[in-house]
Every structure is written in C-alpha cells, then in structure tokens.
Undergrad: 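The structure's right below; bear with me while I get my questions together.
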Amino acid sequence: MKLAFVLGTRPEIIKMAPLIQEAYKRGISPTVINTGQHRELLYPLWDFFGIKAHYNLDIMREGQDLSNTFARAISSISQVLEHHNPDWTFVQGDTTTTFAGATAAYYNKIKVAHIEAGMRTHDLFSPYPEEGNRQMVSRIADSHFCATPSNRDALISEGIAQDKIYVVGNTGLDSMAYVKPSDVEAKKWKTILLTLHRRESFGKGIQNILTAINYLADYGGIKIIFPMHPNPNVREAVSKFLKPSEAINICRPLEYPDFVNKMREADVILSDSGGVQEEAPFLGKPVVVLREKTERTETIGKSSFLAGFDAATIINKTVSLLTEGKIFQPDFVYGDGKSSQRILDIINK
Ligand code: UD1
Ligand code: UDP
C-alpha cells in the first residue's frame, strides 16, 4: 500500500510523526511531503521523532498571507502527488497545508485520510481560517479519524456516512511517549506557561490578553514563561503591549520535549493553542483558554476554562487556579497514546 503524508507546521509534525513511525514498524515506507509552511519551528522535530521528509516544498514567506500560501502549497503538493500516485494521502487538522494537501489529493483522485476530523465551533471566523479549512476537508475526505465521540457526532450531523468515521483519539498524545520526563523541582513561586498565536486574536484581543499578563506579572510570587511564536503579528503586539518585567521570561519557541516538561512544571497554562488544550488535560494541568470559542469542549469547566479576550476574566480565573491549589488528575478524554496504531489497523484492513 502506498501512503503519502502532507505536513508543514509544528502541530502537524507532532501529530503525524507517531503515525509515520507506526507505518515504518509495519513495513510501509510512506512518502513524507513537507510543505515548509513553518521553518525553524519544524527543524528540531525531524531528528527528535527520527523521521525524514522526502520533499521540502519551502513555501514559507515572512508574514505570509493565506491565499498565496495556499496557492504555493497546492501547486507544489499536486506535482508530488501526481508523480507518486499514492493510495491514500494523510492530512492532519486544519491548517493551510492541510486544506491544500486534501484538495491536491482530491484533484488527483487520490483518497484523503483526515486525522483530527470533526472538530467544530461552527463559527467560520473562530478559529479563522481553521474552521473553514476543516469543514472543507470533511467534504472531500474518504476516511475521517476523530479524536472524540463529539467530533464524530458533528460529522454525522453534516451527513457524512457513519462507516467512514472512526473515533481513535488524538495522535498528538501518542507523541507524549517520546518525551523523557525531567525532574520537577520545588520552588517558592507559582509558574505560568503562556503561548499565543491565533489570527483571530490579533488586534484588540491580543492587547487585552497582554494587559492581563502585565497585571499577573505585577501580582507578586508569579513567574511567567512565554515561548513566543515567530509570527510577526505576535512579536509586534508583544513589543507594543507587554511591559518589560523580571517576572516574565520571553524566550524562543521551546523544543517539543522541553515544552512538554515546562507544562509538567507549570502551575497554570495560559494558551490559545489547540494542541496544548489536549496535552494539558493529559498531563493533569489546568489551562486557561485565551480564545472566545473552542472546539475542545470535552474538558471545559473541568481542567480547561474558556476566558475569551476579557482581561478581568483571564486574571480572575488564573489567580483563582493559582490560589486554590486544586490538584487535577490526568484526563485521557482526547487520547490515550494509541491512536496511530488504531488508524493504521483501520487503513490496513
Ligand atoms: C499556523 C496555522 C495554525 C496553527 C499554527 C501552529 C494556518 C492558516 N495557520 O499559524 O492553524 O495553529 O500554524 O503554530 O495554517 N514563522 C516563522 N518561522 C516559522 C513559522 C512561522 O518565521 O517556523 C512566521 C513567518 O513570518 C510566517 C508567520 O510566522 O509567515 C505565520 O506563519 P503561518 O503558518 O501563516 O501562521 P501561524 O500563525 O504559524
Ligand atoms: N509546542 C512546542 N514548543 C513551544 C510551544 C508549543 O513544542 O514553545 C508544541 C506543543 O506541545 C503542541 C504544539 O506545539 O504539541 C502546539 O502547536 P501550536 O500551539 O503552534 O499549534 P496549534 O496546536 O494551536 O495548532
């Protein structure tokens, strides 16, 4: 069986690497197509997971826009797929690479396997453009691999045939097994881990979030670690609105195992990331979600808390989590670490 994997951003490689490794274990040598939508965020991950790309399409441009990124991706993916003509093309999630990869496969009449299918907010502008991308991929995919039963139900309600939908958990949590846990040291302060990158928060949203961070930095007894995403919109907002403070450590994006270990050490995680909303519950860590809507609803009100872009809500929720000191148990609702095996069992049938 000939398989192709299309990926290009940090979360896609983290969530597809265990699947590619599982294919190798079963004697399948898939073609790995890296669009290069991300650059330095991807570099360390190839060695870490022990996988290689057969193609690097090098599409990233500084401050790239959606249309041109999509155009560069689809034309170059299409050429590779035409040449290899695989039985299945795997895409993951809802990025520009995902949508271009699925569309290129469809145009070449190659079957599409969609990993992390069925996530929905039902608002095309939150997350933007991810909600549109994933809805469009669902229209043209042949197999839909969902993380949770509610993702499956969303697809069924859109008229997708039940026998093409599989609930397998999220492959991102398979990758946790690659991380060696570091020792967690006792400390005199509380630690917040912060990440930000979503397009729909650029403008007033990110300004409000950073106002809340300034307040938390001045609160006393709190240290904030902020591995900053290289998106120029994030950098610009941070330089404008985040006050310099000894309590805030702004650093480069962390390598994946270091980031996972920072999550383990953190008292509270503040993030607009999709992957982090799955990983934090898996690790038993509370996460304040810096978004107005989320498709990861299974843990809302349990270990994740939707704060929106309101500074007071972000501050109050974070302070109460830090002061209550409640212990959160690991929750495997988004995946148990065996999703890749299930997917390849199904594809191999
Ligand atoms: C993209 C995805 C988003 C995903 C996120 C994961 C789309 C539309 N968005 O958002 O769904 O959650 O990745 O991180 O597909 N840049 C670099 N180096 C890198 C990566 C990015 O410099 O390694 C900078 C570039 O200037 C680039 C910009 O960030 O133009 C934006 O990258 P882009 O992939 O368009 O958007 P993300 O915000 O990363
Ligand atoms: N991550 C990382 N280093 C960081 C921040 C995040 O390796 O400094 C990992 C994180 O563990 C998760 C993934 O990147 O697996 C999430 O990527 P991102 O937030 O960029 O995208 P999203 O999941 O929102 O699409």
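One is the number of the first residue; the rest follow in order along the sequence. Remember, it's 1-based here, ligands and their atoms both numbered in the order they're listed. This is a predicted model, so every value here is computed, not measured. Atoms considered below: every heavy atom in the structure, side chains included; atoms not considered: hydrogens, waters and symmetry mates.
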Undergrad: With a 6.0 Å cut-off on ring centres, are Phe282 and Phe332 close enough?
TA: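 Between Phe332 and Phe282, which both carry aromatic rings, the centre distance is below 6.0 Å.
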
Undergrad: Are a donor atom and an acceptor atom from the side chains of Asn231 and Asn233 found within less than 3.5 Å of each other?
TA: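 The answer is yes; a qualifying pair exists.
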
Undergrad: Considering only NZ, NE, NH1 and NH2 on the basic side and carboxylate oxygens on the acidic side, decide whether Lys15 and Glu12 come within less than 4.0 Å.
TA: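 Between Glu12 and Lys15 there is no salt bridge, as every charged N stays at least 4.0 Å from the carboxylate O atoms.
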
Undergrad: Starting from atom 38 (O) of ligand 1, what is the nearest protein heavy atom, named by residue and atom, and what distance separates them?
TA: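 Going atom by atom, the protein heavy atom closest to atom 38 (O) of ligand 1 ends up being Asn231 ND2, 2.9 Å.
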
Undergrad: Salt-bridge test for Lys293 and Asp123: reply yes if a basic N is under 4.0 Å from a carboxylate O, no otherwise.
TA: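 Salt bridge flag = yes for Asp123 with Lys293.
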
Undergrad: Between Thr171 and Ser340, do the side chains contain a donor N or O and an acceptor N or O under 3.5 Å apart?
TA: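 No, no side-chain donor-acceptor contact under 3.5 Å.
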
Undergrad: Tell me whether ligand 2 is touched by Arg252 - counting only heavy atoms on the residue side and a distance under 4.0 Å.
TA: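 Heavy atoms of Arg252 never come under 4.0 Å of ligand 2.
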
Undergrad: Answer with yes or no after comparing the ring centroid distance for Phe259 and Tyr256 against a 6.0 Å cut-off, counting only values under it.
TA: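 Ring centres of Tyr256 and Phe259 not closer than 6.0 Å.
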
Undergrad: Salt-bridge test for Asp345 and Arg26: reply yes if a basic N is under 4.0 Å from a carboxylate O, no otherwise.
TA: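 So Asp345 pairs with Arg26 through a salt bridge.
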
Undergrad: We want to know whether Asp258 and Asn261 form a side-chain donor-acceptor pair, criterion being a heavy-atom distance below 3.5 angstrom.
TA: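 There is no such pair between these side chains.
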
Undergrad: Would you say ligand 1 has an N or O under 3.5 Å from any N or O of Glu40?
TA: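 Right, the criterion is met.
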
Undergrad: Starting from atom 8 (C) of ligand 1, find the nearest protein heavy-atom neighbour and note its residue, name and distance.
TA: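 Going by distance alone, atom 8 (C) of ligand 1 is nearest to Thr96 OG1, 3.3 Å.
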
Undergrad: If you have a sec, work out which protein heavy atom is nearest atom 36 (O) of ligand 1 and how many Å separate them, to one decimal?
TA: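 Going by distance alone, atom 36 (O) of ligand 1 is nearest to Arg199 NH1, 3.4 Å.
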
Undergrad: Is it the case that Thr95 and Thr98 place a side-chain donor and acceptor less than 3.5 Å from each other?
TA: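 Yes, because at least one side-chain N or O of Thr95 sits under 3.5 Å from a partner of the opposite role on Thr98.
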
Undergrad: For atom 8 (O) of ligand 2, find the nearest protein heavy atom and state the residue, atom name and distance (0.1 Å precision).
TA: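 Among all protein heavy atoms, the one nearest atom 8 (O) of ligand 2 is Leu254 N, 2.8 Å.
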
Undergrad: Examine Asn133 against ligand 1 and note whether any of their N/O atoms are separated by less than 3.5 Å.
TA: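 No.
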
Undergrad: Of the side chain and backbone of Arg61, name the one, both, or neither that has a heavy atom under 4.0 Å from an atom of ligand 1.
TA: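 Within the 4.0 Å criterion, Arg61 contacts ligand 1 through backbone atoms alone.
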
Undergrad: Counting only heavy atoms, which portion of Glu130 has something under 4.0 Å from ligand 1: side chain, backbone, both, or neither?
TA: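 Glu130 to ligand 1: side-chain contact only, backbone stays beyond 4.0 Å.
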
Undergrad: So is there a nitrogen or oxygen of Gly63 less than 3.5 Å from a nitrogen or oxygen in ligand 1?
TA: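 Among all N and O atoms of Gly63, at least one is under 3.5 Å from an N or O of ligand 1.
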
Undergrad: If you measure from atom 14 (O) of ligand 1 to every heavy atom of Arg134, Arg10, Arg198, His229, which option wins on shortest distance?
TA: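 It is His229 whose heavy atom sits nearest to atom 14 (O) of ligand 1.
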
Undergrad: Is the distance between the ring centroids of His197 and Phe202 less than 6.0 Å?
TA: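 Between Phe202 and His197, which both carry aromatic rings, the centre distance is not below 6.0 Å.
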
Undergrad: Taking a cutoff of less than 4.0 Å between a non-hydrogen atom of the residue and any ligand atom, is Leu66 in contact with ligand 1?
TA: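 Per 4.0 Å heavy-atom rule, Leu66 contacts ligand 1.
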
Undergrad: Judged on heavy-atom distance to atom 28 (C) of ligand 1, which of Gly93, Pro253, Pro232 sits nearest?
TA: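 Looking at heavy atoms only, Pro232 sits closest to atom 28 (C) of ligand 1.
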
Undergrad: Determine, considering heavy atoms only, which of Ile13, Ile14, Asp272 sits nearest to atom 13 (C) of ligand 2.
TA: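 Comparing heavy atoms across Ile13, Ile14, Asp272, the nearest one to atom 13 (C) of ligand 2 lies in Ile14.
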
Undergrad: Does Asp58 come within less than 4.0 Å of Arg72, counting only side-chain N to carboxylate O?
TA: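 Not counted as a salt bridge, because no side-chain N and carboxylate O are separated by less than 4.0 Å.
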
Undergrad: Run the numbers for me: atoms of ligand 1, each under 4.0 Å from some heavy atom of Pro129, listed by number.
TA: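 So the answer, numbered in order with elements, is 8 (C).
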
Undergrad: Got the closest protein heavy atom to atom 19 (C) of ligand 1, with its distance?
TA: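 So the nearest neighbour among protein heavy atoms is Arg39 N, 3.5 Å.
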
Undergrad: Suppose we measure from atom 33 (P) of ligand 1 to each protein heavy atom; which comes out shortest, and what is that distance?
TA: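 Protein heavy atom at minimum distance: Gln64 NE2, 3.2 Å.
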
Undergrad: Taking the minimum heavy-atom distance to atom 25 (C) of ligand 1, which of Met60, Gln37, Arg235 ranks first?
TA: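 Checking each option, the heavy atom nearest atom 25 (C) of ligand 1 is found in Met60.
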
Undergrad: Checking the side chain of His38 only, and the main-chain atoms of Arg10 only, is there a donor and an acceptor separated by less than 3.5 Å?
TA: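 Present.
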
Undergrad: Are the charged groups of Asp142 and Lys111 less than 4.0 angstrom apart, N to O?
TA: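 The answer is no: the pair does not qualify as a salt bridge.
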
Undergrad: Does this structure show an ion pair linking Asp267 with Lys285, if we count only N-O contacts that are shorter than 4.0 Å?
TA: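 Between Lys285 and Asp267 there is no salt bridge, as every charged N stays at least 4.0 Å from the carboxylate O atoms.
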
Undergrad: Below a 4.0 angstrom heavy-atom separation, can you tell me which part of Pro127, side chain or backbone, both or neither, approaches ligand 1?
TA: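 Neither part.
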
Undergrad: In terms of side-chain geometry, is the basic nitrogen of Glu158 or Arg120 positioned less than 4.0 Å from the acidic oxygen of its partner?
TA: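 A salt bridge is present here (some side-chain N lies under 4.0 Å from a carboxylate O).
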
Undergrad: Any idea which atoms of ligand 1 are less than 4.0 Å away from a heavy-atom of His197?
TA: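 Listed by number with element, the hits are 4 (C), 5 (C), 6 (C), 12 (O), 38 (O).
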
Undergrad: Under 3.5 Å, N or O to N or O, is His38 touching ligand 1 that way?
TA: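 Yes, at least one N or O pair falls under 3.5 Å.
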
Undergrad: Any idea which protein heavy atom is nearest atom 20 (O) of ligand 2, and the distance to it?
TA: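 Going by distance alone, atom 20 (O) of ligand 2 is nearest to Arg10 NH2, 2.8 Å.
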
Undergrad: Check each heavy atom of Pro11 against ligand 1 and say whether those closer than 4.0 Å belong to the side chain, the backbone, both or neither.
TA: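 The side chain, only.
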
Undergrad: Checking contacts here: is it the side chain or the backbone of Pro227 that comes within 4.0 Å of ligand 2, counting heavy atoms only? Could be both or neither.
TA: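 The answer is the side chain of Pro227.
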
Undergrad: With respect to Arg198, determine whether any N or O atom, backbone or side chain, lies less than 3.5 Å from an N or O atom of ligand 2.
TA: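 Yes, since at least one N or O of Arg198 sits under 3.5 Å from an N or O of ligand 2.
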
